[in-house]
Amino acid sequence: MRSLIDILDFSVEDLNELLATANDIIANPSKYAEKCKGKKLATLFFEPSTRTRLSFEAAMLELGGSVLGFSEANSSSAAKGESVADTAKTISCYADIIAMRHPKEGAPLVAAQNASIPVINAGDGGHNHPTQTLTDLLTIYREKGGFNNLTIGFCGDLKFGRTVHSLITALSRYEGINVVLISPEELKLPSYIKKDVLQKKNIPYKQTTDLESVMPELDILYMTRVQRERFFNEEDYLRLKDSYILEPKKLKNAKKDLSVMHPLPRVNEISVAVDSDPRACYFKQVLNGKYVRMALILKLLEEADK
Ligand code: CP
C-alpha cells in the first residue's frame, strides 16, 4: 500500500506521470468527473488550513467521490487523548484514502504505518509538505516548461518553512538547478538540508540577507511567510516578521519572465500591489494545487485497487 509522506517517496517518473495527469485534467476535466465515484476521502486536519484541506476536498468532489473529516484536533477524539495510530486504524474503516495535517513531525508516517488505506501527508510540523511541492512543481512546469537550468531564490523563513524544505529536495533531482537562499541569519535553511541535499547533490547555492542584490539572477522567486506558529517567543517573531516585503519597486531589476511564487497564506511579505504584475503566480499555484491533488488521489487509489 503506497502513501505519500515525503516527496522522495515518489520517483522522478512518478512525478512526471502525476504532472502529465494533472495537465490532462486541466485540458479535459469532464473525462475525470466520475473516476472516484463511490470512493471517500477523509481529511484529518489537526492544524489550520484553507488551501490544502479545501483543495483536497474540491479535488475529490470533482472526481465524483465524497469527503468526510475534521478541521481541528479539538473536534476529534485526539482531544480525549486518542493516538494517531488508533485514529488511522479507525478512519481506515470509514474511508478509502486519508489526507492528514498534524503539528508533530512524523505523525502522518505513523498514520501510514497503521492505516490499511493510503495516507497523504498534508503538512507535518516544520518538516514536510509534499503536496505543496507537487503544486509548486506543476506551477514551475506550466510557467517554465520544465525544471532544468533554473535559478530559484527562496526568500523569508527558510528555517521553519516546510514547503521550502520539500521543494529544494524535489528540485535536487533535476539538472542545472541553482539555489539562492535569502533569509535573516536566524531563519536560515537548516544545516541538515544543506548537507544532505544541496551539498550531497553538488547543487550550487549561496546564502544572502539581501533580496534586491540577487533579484536580477532569478528565474523563480519563492517567497515565504515567517511561521509565527513555530516560534518559541513572540518577541523574536515580531522582530523578524517584516524582514522581506516584496513591493513593485523591488521587481524593477528582475527578469521580465521571473515567476513570483508563494505557497500562501501571505501576511505582509508580498504587497497586494504585486498581484497585478504578470509575473505573480501565487494564485495560479492555488488552482494548480487542486488539479495535482486530483492526479495524486487517482494514482494512489488506482494503485491500492490493484
Ligand atoms: N499552502 C498551504 O499549505 O496553505 P494552507 O495552510 O492554507 O493549507
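Order of listing sets the numbers, starting from 1, for every ligand and every atom in it.
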Counting from 1 in the order shown, the ligand 1 atoms closer than 4.0 Å to a non-hydrogen atom of T52 are 2 (C), 3 (O), 4 (O), 5 (P), 8 (O)
Connected via hydrophobic side-chain network under 4.5 Å: I297 and L137: yes
Less than 4.0 Å between a side-chain N and a carboxylate O, is that true for R162 and D157? no
Q132 heavy atoms within 4.0 Å reach ligand 1 at atoms 1 (N), 2 (C)
Please indicate whether any nitrogen or oxygen in P263 is less than 3.5 Å from any nitrogen or oxygen in ligand 1. yes
Those atoms of ligand 1 less than 4.0 Å from some heavy atom in T50: 5 (P), 7 (O), 8 (O)
Would you check if L15 and R173 make a side-chain contact, meaning some heavy-atom pair closer than 4.5 Å? yes
Less than 4.0 angstrom from a charged side-chain N to a carboxylate O is my criterion; do K241 and E269 meet it? no
Give me each pair satisfying side chain to side chain donor-acceptor pair (under 3.5 Å) with a member in residues 59-76, each pair once, sequence neighbours excluded. E62-K290
Counting only nitrogen or oxygen atoms and a 3.5 angstrom limit, does P48 reach ligand 1? no
Within less than 4.0 angstrom of ligand 1, does R101 place any heavy atom? yes
Selection from H262, R51, H129 by shortest heavy-atom distance to atom 3 (O) of ligand 1: H129
Please classify the T163 to ligand 1 contact at 4.0 Å (heavy-atom distances, strictly less than): side chain, backbone, both or neither. neither
Partner set under ring pair (Phe, Tyr, Trp, His ring centres under 6.0 Å) for F70, not counting sequence neighbours: F46
